[in-house]
Amino acid sequence: MMDAKDEDDLPVMFEATALYDFDGDTQNGELNLAAGETIYVLRQDIGEGWWEAKNSRGDQGLVPESYLEVVSIPEPEFPPPPVPFPATIPSTIPTAVPATRPADLTPAANGWGGAYNQNGQHGAMQQQQSYDEWDEDWDDDEDDQSSNSTTGGANQDLQGSGSFGLSVPKREHKAHSPTSEMSKYGTIKSSFNRWSHFAKSGGEAFMMGQNTGNTRVAESDLIRMIETIEGPEWTPIQSQYTCEVASPKKESKMKGLKSFIAYQITPSFNGIQVSRRYKHFDWLHERLEEKFPCIPIPPLPDKAISVPVFSSITGRYEDDFVNERMRQLQMWVDRMARHPIVSQSDVFSHFLTCTDEKRWKAGKRKAEKDEFLGGKFFLLLQTPPHPLDLREVELKMENFCKFVMSMMESTKSFMNVLHEHAKKQSGGFKGQYHKIGTGFKQLATSFNLDRGEYSQSLTAAMDYTGDTYKEIGDLYGEQPTNDTWPLFESVGEYKGILHVYPDVVKVHEGAIGKAKECQKLQDEGKMTDKDVQEVMQKSDIISYGTLAEMNHFQKERVIDYKKMTKSYLQEQIKFFKTITQKLESTLAKFDEA
């Protein structure tokens, strides 16, 4: 096996120069940097924005990528070409070749039973700081009951604490590909049965009248629409409310073996605080996805925060991680609370208001057995009385799908630009302004050797200029947290919505396809006019719901992008005004010299 020395002796990938000083936390494995110092990068796969490196003295640790400027990258060393096979193969070939494999690379020896990555590190090790310890989602009802008796009421200070009878979340995270999974409307091709999602959602059963004959809809449960010049829209919310997600607190159960973060949620309509874990959000997300087939439910923030400004490498960043997840959960709850259908649903209300564990479990079971899930949700829609023009609906959906595809691509590109810009601001730009400031201060030091009275005011002005440019560099380094990262995060929220829209479109596509199929059967005399008429009416209901949601999305987009762009520009103006003021005050020093 490798000895400790061999494991630590990583090859140098390339050299880099420190742009400015970095006072690292050596106890947490960070390496101090001095501006201008040459260091040697060993690994780049540590985490978002961090590399492993060593200095000329042999000290080794983690350094922020944005503090470095790559100097040289060595040419790759290619192995010699393989020996070609002989033109003639010997007639006698050994029947067995003894395996020669280093003992330290076998699954049994490394103790993980898996493969190493290209840097010689086991793949599973890369997950060591994924913060799963914050939110153990695999416990079930029995775990909760046992924990209540073994922890001695450790969670009693939180209303509705514990898992509330939640079982293992079974929500599958779908990776939608913009080039393979949208719809037939001239934008995306499907590689599997085009009816599969339509049938799975219950849309086909709804259209064909299967399992819906005895379902009665109460007048109070009906979801009404309004007609506008833009088409059908959901009835606006009569009483808008907000929800605050705050006060994250680490809790544990089973005598500390399982730990999680509980967030306190307070809706404005009653002011009563409830406690929810990430797994409760996950359960709600799954319920909303299953309940509303024509509404794209945005994804929840991932287990590991994706905003690059935050790092989860060491325990030192736990508070940042939790607070950032809380902010993203706040964004998700805000969007759900603004939706005219989701915000008024029983399952969302139960999530926001239930403080009692027994009532939570009863409400949970009721939500999971909701008789209006999936395709049956369309039974609740009270649509305008006149039928829709099938060709006009298809044209609208084709245009919308093209819009979604284009927005997917532009959103992805824009996020890359914002990410790169923020890195340059916090790294390169800051470092360059620091260098300019250092240059001015070095000149001031030289000028100070002349002790003549006529020179002193100029020397002071030069030194002041150096300080000004260093302050400007610091402003550049801090600015992304005020404007670029918030914009990045807001745009990223829409990226998530766009990537779940394919399933909504597939339900509508299936309805249109089934309607056309029935019309064909009618022409062939295999289906009665009455039955076809009923199918067409139900197809219209699905179209009305899809178009109403489409219009809601577009109006929300206009409001959100106007707000987020204005906020970005306001912060930019404030930023450059501050720089201008600093430069003007510096210029005044020379007028006094």
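- No hydrogens or angles considered: a donor-acceptor pair under 3.5 Å links the side chains of Gln479 and Asp483.
- The backbone N or O of Asn416 lies less than 3.5 Å from no partner atom in the side chain of His421, so there is not a single donor-acceptor pair.
- There is no side-chain donor-acceptor pair under 3.5 Å between Gln533 and Asp529.
- With 3.5 Å as the limit, one finds a donor-acceptor pair spanning the side chains of His386 and Glu227.
- Although no hydrogens or angles enter the test, the distance criterion places a donor-acceptor pair under 3.5 Å between the side chain of Ser410 and the main chain of Met407.
- The main-chain N or O of Glu409 is never found under 3.5 Å from a side-chain atom of Ser413 such that the two would form a donor-acceptor pair.
- Of the options Arg325, Gln264, Gln330, a side chain to side chain contact (heavy atoms under 4.5 Å, CB included) to Val245 is made by Gln330 and by none of the others.
- Residue-environment remark: CD (Glu524) exceeds the threshold of 12 foreign heavy atoms within 6.0 Å.
- Between Lys506 and Glu509 there is no salt bridge, since none of the side-chain N atoms of the basic residue sits less than 4.0 Å from a carboxylate O of the acidic one.
- Judged purely by atom type and a 3.5 angstrom limit, Ser268 has no side-chain atom pairing as donor or acceptor with the backbone of Tyr241.
- Using a 4.5 Å heavy-atom threshold, the side chains of Tyr544 and Leu381 count as separate.
- Cys243 and Leu352 make their closest contact through SG-CD1, 3.6 Å (heavy atoms, listed as atom of the first residue, atom of the second, distance).
- Between the side chain of Ser490 and the backbone N or O of Leu487, no donor-acceptor pair lies under 3.5 Å.
- For the residue pair Ser543/His508, the side-chain donor-acceptor check at 3.5 Å is satisfied.
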(message) Pair Asp370, Lys376 - check salt bridge (Lys or Arg N to Asp or Glu O under 4.0 Å), show working.
(response) CA-CA 10 Å; Asp370 188 343; Lys376 289 187 178 182; over 6 Å; no
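- Residues Pro296 and Val504 approach most closely at N-CG2, 3.6 Å, considering heavy atoms.
- Cation-pi check for Arg276 over Phe351 is met; the charged atom lies under 6.0 angstrom from the ring centroid and within 45 degrees of its normal.
- To the nearest 0.5 Å, the span separating CD1 on Ile297 from CG on Asp503 amounts to 11.5 Å.
- Checked by atom type, the side-chain pair His339/Glu549 shows a donor-acceptor distance below 3.5 Å.
- Residues Glu368 and Trp283 bring a donor and an acceptor atom of their side chains to less than 3.5 Å of each other.
- No option in Val505, Thr546, Ile341, Val507 other than Thr546 meets the side chain to side chain contact (heavy atoms under 4.5 Å, CB included) test with Cys294.
- Within 6.0 Å of the CG atom in Asp346, the count of heavy atoms belonging to other residues, nucleotides or ligands does not exceed 12.
- Although no hydrogens or angles enter the test, the distance criterion places no donor-acceptor pair under 3.5 Å between the side chain of Ser539 and the main chain of Val535.
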(message) Working note: Phe292 + Phe372, criterion ring pair (Phe, Tyr, Trp, His ring centres under 6.0 Å); need CA distance, chi angles, decisive distance, verdict.
(response) CA-CA 9 Å; Phe292 304 114; Phe372 296 110; over 10 Å; no
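- In summary, the side chains of Glu493 and Trp332 do not present any donor paired with an acceptor at a separation below 3.5 Å, with no hydrogens or angles considered.
- Glu233 and Thr228 form a side-chain donor-acceptor contact under 3.5 Å, judged by distance and modelled atom types alone.
- In this structure a side-chain-to-backbone donor-acceptor pair under 3.5 Å is missing from Ser349 to Ser345.
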(message) Go through it in stages, so that I can follow the logic: the residues are Phe414 and Phe488, the test is ring pair (Phe, Tyr, Trp, His ring centres under 6.0 Å), and I'd like the CA-CA distance, side-chain angles, deciding distance and then a yes or no.
(response) CA-CA 8 Å; Phe414 188 39; Phe488 178 94; 9.3 Å; no
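- A salt bridge links Glu324 with Arg327: the distance from a Lys NZ or Arg NE/NH1/NH2 to an Asp or Glu carboxylate oxygen falls below 4.0 Å.
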(message) Using the rule given for salt bridge (Lys or Arg N to Asp or Glu O under 4.0 Å), can you reason through Glu371 versus Lys366, listing the C-alpha separation, both sets of side-chain angles and the distance that settles it, and then say yes or no?
(response) CA-CA 9 Å; Glu371 59 181 338; Lys366 179 181 177 182; over 6 Å; no
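- Side-chain N/O atoms of Gln554 and Arg557 include a donor and acceptor closer than 3.5 Å.
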(request) Could you check Tyr263 against Tyr278 for ring pair (Phe, Tyr, Trp, His ring centres under 6.0 Å), going step by step and ending with a plain yes or no? (result) CA-CA 8 Å; Tyr263 303 90; Tyr278 183 88; 8.3 Å; no
